[in-house]
Amino acid sequence: MSDGPQRFAGHQSSHVDSDAAIRLTDTDAVTARYSAVQKGYIRDPFTRPLLPRGAQFQPSRPPLINVGTYVRSEGIDSLVTQWLELSQQEGKKCQIVSLGAGSDSRFWRIATGPHRNTVSAYIELDFSENTTKKAMAINKSRELKGTLGDPSNVKIVGGGTTLYSPVYHLIPADLRIPPHESLSQAFQLIDSAEGPILSPNLPTLILFECVLAYMSPAASDGVIKWFVDYFATSPEGTVLGGIVYEMFGLNDSFGKVMLNNLKARNVDLPGVEPYPTVASLPNRFLQLGFERAYAMTLRDIRRSCIGEVELERRANVNF
Ligand SMILES: C[S@@+](CC[C@H](N)C(=O)[O-])C[C@H]1O[C@@H](n2cnc3c(N)ncnc32)[C@H](O)[C@@H]1O
């Protein structure tokens with residue numbers, strides 16, 4: 001059970017919030033992750049405090065879903081770790097921007113791990129309703145808040161929608177709004193003495209984990225291009241990397257069932273249709289100014305990045 005539907009049922013107006021269903025996909029994501037944590041597929045003490053009220057009582061997901069969550073999580077973690085190691089080898093601090101971050105706990109896992117000193121800024125963006133809930137969850141949790149550093153440097157502003165701390169920043173933004181308004185505003189100066197939250201001079205990784213599908217390709221192209229242009233202005237030639245975890249090719253019978261199920265929940269996936277094949281995903285990044293781009297299917301990641309023994313072990317844990 002999530003607290004979302006109760007909240008929406010309480011709305012005064014008859015206006016149906018068409019974005020509410022999109023925001024609620026975060027509840028699915030974090031609940032699936034918690035299921036994988038509880039069943040021993042993933043070690044992550046930070047997901048529990050980020051769960052919506054009551055979600056801890058939901059039944060665990062079936063083993064196949066937990067394995068999928070594990071492969072997704074390991075795949076992305078391993079790429080993020082490679083990025084952090086590269087930065088460390090070059091003796092540079094780096095920045096990470098997670099778009100549509102929802103209740104993701106990656107910042108806390110990095111901040112308590114071996115690469116904690118490599119990240120100078122970790123910025124999360126999502127709809128203001130989701131950032132407000134997350135800021136409240138962080139503020140209530142000793143584990144989450146304690147990781148952000150000296151409490152006097154943790155500020156919740158913007159009517160509870162925004163949280164700033166020395167490294168971690170949680171900022172509301174609707175990514176469909178033209179980026180020169182949404183992103184430029186999100187990354188504006190906190191304090192002119194400190195410079196912008198997002199430095200144009202540090203290697204930066206942008207993360208899109210299950211978010212582009214909810215946006216029109218024109219809107220998400222605008223977001224990707226904004227980052228390419230922002231870092232192209234740096235005289236030092238800043239490296240920009242990106243990790244995308246996304247659906248593609250939903251025109252088979254399985255995909256059609258999934259699309260219909262989502263439609264019944266008021267969720268459309270305008271970002272999926274133009275990308276029917278695995279090759280079409282990196283192509284868009286190359287067209288938008290990235291110099292190199294590769295894509296792998298979940299099956300590829302399962303096979304090549306996660307050892308058979310590990311998969312076997314995970315598939316047999318705690319049913
Ligand atoms: C499926 S959830 C994924 C959350 C997180 N990235 C993860 O993988 O656990 C999708 C998230 O993208 C956010 N999102 C979708 N469209 C967005 C938009 N136009 N602007 C900001 N956030 C958006 C949703 O609110 C939700 O939190």
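Counting starts at 1 for both ligands and their atoms, in listed order. These numbers come from a predicted model, not from an experiment.
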[X] heavy atoms, cut-off 4.0 Å: which ligand 1 atoms fall inside?
X: G102; value: 27 (O)
X: A173; value: 20 (N), 21 (C)
X: C210; value: 1 (C), 2 (S), 3 (C), 10 (C)
X: E209; value: 3 (C), 5 (C), 6 (N), 8 (O)
X: V211; value: 12 (O), 14 (N), 15 (C)
X: D174; value: 18 (C), 19 (N), 20 (N)
X: R176; value: 19 (N)
X: A29; value: 9 (O)

Task: Proximity to ligand 1 by part of A101, non-hydrogen separation under 4.0 Å - done: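 The part of A101 near ligand 1 is the backbone, not the side chain.
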Open item on the list: Could you walk me through whether V119 and Q95 satisfy the side chain to side chain contact (heavy atoms under 4.5 Å, CB included) test, starting with their C-alpha distance in whole Å, then the side-chain angles of each, then the deciding distance to 0.1 Å, before giving a yes or no?
Closed with: CA-CA 6 Å; V119 180; Q95 310 177 110; over 6 Å; no
So does [X] pair up with [Y], basic N to acidic O under 4.0 Å?
X: E209; Y: R72; result: yes
X: R109; Y: D77; result: yes
X: K134; Y: D126; result: no
X: D28; Y: R265; result: yes

Quick one: nearest non-hydrogen protein atom to [atom], plus distance?
atom: atom 17 (C) of ligand 1; value: F127 CE1, 3.4 Å
atom: atom 25 (O) of ligand 1; value: D126 OD1, 2.7 Å
atom: atom 15 (C) of ligand 1; value: I22 CG2, 3.4 Å
atom: atom 4 (C) of ligand 1; value: G100 O, 3.4 Å
atom: atom 20 (N) of ligand 1; value: L175 N, 2.9 Å
atom: atom 1 (C) of ligand 1; value: T25 OG1, 3.4 Å

Task: N130, any N or O under 3.5 Å of ligand 1 N or O - done: yes
Open item on the list: Taking L212 as the starting point, is it possible to reach Y214 by hopping between hydrophobic residues whose side chains are less than 4.5 Å apart?
Closed with: no
Open item on the list: Check for me, please, whether L183 and L240 land in the same ILVMFWY cluster - side-chain distances under 4.5 Å, paths through other members count.
Closed with: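 Same cluster: L183 reaches L240 through Ile, Leu, Val, Met, Phe, Trp or Tyr contacts under 4.5 Å.
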- [ ] Could you tell me whether ligand 1 has any atom less than 4.0 Å away from a heavy atom of R72?
- [x] yes
Open item on the list: Please tell me whether Y275 and F248 form a close aromatic pair, meaning their ring centres lie under 6.0 Å apart.
Closed with: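 No.
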TODO: Measure from the ring center of W226 to the ring center of F231 and say whether it is less than 6.0 Å.
DONE: no
TODO: Classify the angle between the aromatic ring planes of F285 and F290 as parallel (below 30°), tilted (30 to 60°) or perpendicular (above 60°).
DONE: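 The rings of F285 and F290 stand perpendicular, inter-plane angle above 60°.
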- [ ] Just say parallel, tilted or perpendicular for the rings of Y164 and H169, cut-offs at 30° and 60°.
- [x] perpendicular
